[in-house]
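Here's the structure, in structure tokens; my notes come after.
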Protein chains: 2
Amino acid sequence: MGREAVLDVLSRTEDHLSAEDIYMCVHETYPAIGLTSVYRTLDMLVNIGLVYKFDFGDGRARFELAEGPKGKDHHHHLVCTDCGRIVNYRDFIDEEVALLKKTEEGLSKKYNFAITNHLIQFYGLCEACRKK
Amino acid sequence: MGREAVLDVLSRTEDHLSAEDIYMCVHETYPAIGLTSVYRTLDMLVNIGLVYKFDFGDGRARFELAEGPKGKDHHHHLVCTDCGRIVNYRDFIDEEVALLKKTEEGLSKKYNFAITNHLIQFYGLCEACRKK
DNA sequence: TTTGTTATTGGAAACCATTATCATTTACAA
DNA sequence: TTGTAAATGATAATGGTTTCCAATAACAAA
Ligand SMILES: [Mn+2]
Ligand SMILES: [Mn+2]
Ligand SMILES: [Zn+2]
Ligand SMILES: [Zn+2]
């Protein structure tokens with residue numbers, strides 16, 4: 001079962017890997033594994049909540065380990081709209097976390113949503129892309 | 001030119017339409033228009049900044065009018081992870097807007113990003129989906 | 001062990017939203 | 001009218017993801 005292998009690959013990087021990226025990594029250790037199994041495993045891991053699935057607009061899904069005991073810390077993203085570079089940003093301003101929590105509570109009541117997660121991304125131009 | 005027609009369709013709804021949704025709407029008024037032109041027009045409008053392109057995870061891109069003179073107000077999204085329902089949420093807490101601005105400024109400096117936009121979505125279960 | 005039943009697996013084919021191609025039409029000026 | 005460039009839409013191609021399905025592994029009973 002490639003579940004361990006996939007989680008292992010994801011735990012070793014800060015990048016946002018595509019299914020095929022992961023496939024190639026796992027393939028080095030388990031040459032027998034197929035791309036289909038990677039997709040299947042990722043799908044399961046996302047459903048369980050161990051892995052997050054993102055779309056950064058480049059036509060393929062990207063994955064990262066969810067926060068948790070073995071996971072990375074919770075973070076948000078800075079996305080360059082020109083080159084696609086993605087920065088993991090986890091140094092939140094103090095008030096930021098508090099307000100986020102407060103907002104979630106307000107929304108939960110008002111719209112009768114049981115909020116479990118959020119996605120926050122800032123878009124702009126990275127330094128390199130600004131200079132060309 | 002279908003530019004007007006596409007903008008017109010988008011300005012008449014609060015929904016998040018797919019390219020084909022828009023194609024079908026425009027088609028009623030301009031039966032001659034082709035799906036290709038709708039894609040082309042949307043692409044241009046997104047580049048210009050008049051239209052936003054979203055991915056809510058259902059495999060097709062979804063579009064909405066950007067805020068502005070003729071546009072809707074700026075808002076964030078509540079997404080039901082079960083049925084896919086999407087709520088436009090624009091009644092921000094007072095502090096929310098201020099903090100967002102402050103955060104953008106901090107990030108711009110720290111990571112040398114020229115931030116132009118942000119995407120904020122809360123995920124959870126809507127009332128209907130919670131009760132089943 | 002054998003046998004039967006069920007779950008897992010991966011290769012190949014199918015799917016389907018989006019893009020690229022290209023011949024045709026339209027716009028517009030010379 | 002005529003020449004040139006832009007705009008258009010039908011069709012084909014692309015490519016990430018899913019579906020199918022036959023083969024294999026796991027496991028339980030006999
Ligand atoms: Mn990340
Ligand atoms: Mn919206
Ligand atoms: Zn960049
Ligand atoms: Zn729902």
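Residue numbers begin at 1 in each chain, while the letters A, B, ... track the order of the sequences.
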**Asked** Between atom CD in B/E20 and atom P in C/dT18, what is the gap in whole Å?
**Response** 9 Å
**Item:** Residue pair A/H16 / A/N88, side-chain donor-acceptor N/O under 3.5 Å
**Value:** yes
**Asked** C/dC16 C1' sits how many Å from B/D58 CG, rounded?
**Response** 13 Å
**Asked** Can B/K109 and B/E105 be counted as an ion pair, charged N to O under 4.0 angstrom?
**Response** no
**Request:** Using atom CZ of B/F56 as one end and atom C1' of C/dA17 as the other, report the distance to the nearest whole Å.
**Result:** 17 Å
**Asked** Aromatic rings A/H27 and A/Y23: how do their planes relate, parallel, tilted or perpendicular, breaks at 30° and 60°?
**Response** tilted
**Asked** How long is the line joining CG of B/L42 and P of D/dG9, in whole Å?
**Response** 13 Å
**Asked** Do A/F54 and A/I120 belong together in a cluster built from hydrophobic side chains that touch within less than 4.5 Å?
**Response** no
**Message:** Rounded to whole Å, how long is the line connecting atom CD1 of B/I33 with atom C1' of C/dT26?
**Reply:** 15 Å
**Asked** To the nearest angstrom, how far is A/D43 atom CG from C/dT8 atom P?
**Response** 14 Å
**Message:** Please tell me whether A/H75 and A/E14 have a donor and an acceptor in their side chains that are separated by less than 3.5 angstrom.
**Reply:** no
**Request:** Measure from the side-chain heavy atoms of B/A32 and tell me the nearest of D/dG9, D/dT17, C/dA17.
**Result:** D/dG9
**Straight-line distance of B/L65 CG to B/D73 CG, nearest 0.5 Å** = 11.0 Å
**Message:** What does the B/S/- profile of nucleotides 19-27 of chain D look like, 5' to 3', with a 4.0 Å heavy-atom cutoff to protein?
**Reply:** B--------
**Verdict with reasoning, A/R62 to A/D21, per side chain to side chain contact (heavy atoms under 4.5 Å, CB included)** = CA-CA 9 Å; A/R62 306 227 158 235; A/D21 291 337; 3.5 Å; yes
**Message:** Between C1' on C/dC16 and CG on B/D21, what's the gap in Å once rounded to a whole number?
**Reply:** 15 Å
**Message:** Please report the distance, rounded to the nearest Å, between NZ in A/K53 and C1' in D/dT17.
**Reply:** 8 Å
**Message:** As a test of reading the structure: which of D/dT17, C/dT18, D/dG9 is closest to the side chain of B/A61, going by heavy atoms?
**Reply:** C/dT18
**Message:** Which nucleotide wins on minimum distance to the side chain of B/Y39, given the candidates C/dT19, D/dG9, D/dG16?
**Reply:** C/dT19
